[in-house]
Amino acid sequence: MSANPVFAGLPTTIFTTMSALANKHQAVNLGQGFPDRDGPESMRAAAAKVLMEGPNQYPPMRGMPQLRQAIAAHALRLHGLTYDAESEVLVTTGATEALTDTLFAFLSPGDEIVLIEPAFDVYRPLALAAGAVVKSLTLSPPHWRLTPEALKAAITPRTRVVLLNNPNNPVGRVFTPEELNDLADAVRASNAVVIADEVYEHLTFDDRKHICFSSLPGMRERTVRIGSAGKIFSLTGWRVGWVMGPKALMDVVTNVHQFVTFATPPAQQLGVAHGLTHEMEFPLRLCRELQDNRDFLAEGLSRLGFDVLPAQGTYFLTAGIGKLGADKDRAFCERMVVEGGVAAIPLSPFFSGGTPDIYVRFAFCKQRAVLEEALARLKAYFNQG
Ligand code: PMP
């Protein structure tokens, strides 16, 4: 039997491994990043109504018109971006499908793609499956800054795609205007298309503003922007995402989409259209709550000896474990879940080279009582010996 080596050779993801360990040991799971409270009731009611009354047959392939218009209006209202709902916005089954569609749309065998590491785990296998050659641009702790030198070295006339994840999972970086401008300069000197994974666009802390990459001079024409209703509304199980970009690029992305999922369930689509129109207070409140959670967790972890790094956005904070023993990150997390009853995610799997391996990622998109319990357990664990 032969299989595609990219997928046949994939290990179980670190998220699945750590969640299985967390379940086995009844640990508090601050590993996998999903909220533990569902998003707005009015959205769930709107979706339930559609389930009962229809439509329940194949929706339009590009997405329900109401949702496409709501997505275009959201981009205009929030970021001043203008996209035509008919030809430049595509609804996908989560941002994960949007990543699949865009990577397959722009990469051919032998093309170069630049991934900025630490990188979300979906990107590399999909790029490799498309036959691409992956060039890593590895950021360095503790500030994880994009520098002009590193950008110039990584992005060349051979680069076909650059994948930017801003705000960044796993390290919570919100890239500065200067860094984004440096990236735009490097992209301008190449022939590359930019896939901007902006699923955490609403979750930026301390009054930082999210800057859409496509809003930078000259970038609209060569950027596709990915969003996720799951992240905006704490409805990650709904699997509603989107891509927007110039028509010429979107035509190709849409051609991939029609053979990957063709469409996304209509009830969820109309629930999200309701949310983007009537529930935009929700992500503002969520962002404030998450910022408080970040502060609470950061302070607690610092007191225990973790070297907490700045977390500027997303669901996540990262912390150095150097002062807490000799373990590498993976062994540290395995021991912490088994002996301390708290699950986190080692950072090394987010780097193709496997280092640095002295940081761990905690998710704080959880109720305060859950974070309190996690800190109480860690206090008992780290102070016992
Ligand atoms: N991109 C990033 C950076 C993510 O963290 C995630 C979810 N963990 C996704 C994309 C996928 O989002 P969705 O759940 O909408 O598929």
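Please read these numbers as outputs of a predicted model, since none were measured by experiment. Numbering of ligands and ligand atoms starts at 1, following listing order.
- Near Ser228, with a cut-off below 4.0 Å to any heavy atom, the atoms of ligand 1 are 13 (P), 15 (O).
- The residue Trp242 has no part lying near ligand 1, judged by heavy-atom distances below 4.0 Å.
- Taking 4.0 Å as the cut-off, Tyr123 counts as a neighbour of ligand 1 on heavy-atom distance.
- Note that Lys366 lies outside the cation-pi zone of Tyr315, set by a 6.0 Å cut-off to the ring centre and a 45° limit from the axis.
- Checked for salt-bridge contact, Glu117 and Lys135 miss the test: no charged N lies under 4.0 Å from a carboxylate O.
- When the heavy atoms of Ala119, Ala95, Pro167, Gly237 are ranked by distance to atom 12 (O) of ligand 1, first place goes to Ala95.
- Here is the list of ligand 1 atoms found below 4.0 Å of a heavy atom in Gly94: 15 (O), 16 (O).
- Nearest protein heavy-atom neighbour of atom 11 (C) of ligand 1: Thr96 OG1, 3.5 Å.
- In terms of protein heavy-atom proximity, atom 14 (O) of ligand 1 is nearest to Arg239 NH1, 2.8 Å.
- Compare Tyr315, Phe15, Phe34, Phe120 by their heavy atoms: the one nearest to atom 4 (C) of ligand 1 is in Phe120.
- Separating the CZ atom in Arg239 from the OG1 atom in Thr96 is a distance of 4.5 Å, to the nearest 0.5 Å.
- One finds the CG atom of Leu286 at 4.5 Å from the OG atom of Ser234 (value rounded to the nearest 0.5 Å).
- For Phe306 and Phe382, the distance between ring centers is under 6.0 angstrom.
- Taking each of Glu97, Glu198, Lys231 in turn, the one with a heavy atom nearest to atom 8 (N) of ligand 1 proves to be Lys231.
- For Asn165, every heavy-atom contact with ligand 1 shorter than 4.0 Å involves the side chain, none the backbone.
- Comparing Leu235, Asp197, Thr236 by heavy-atom distance to atom 2 (C) of ligand 1, the nearest is Asp197.
- A heavy-atom distance below 4.5 Å is not found between the side chains of Leu297 and Asn293.
- Residue Glu97 forms a side chain to side chain donor-acceptor pair (under 3.5 Å) with just one option from Thr92, Thr261, Thr264, and that option is Thr261.
- In this structure, Phe364 has its ring center no closer than 6.0 Å to that of Phe296.
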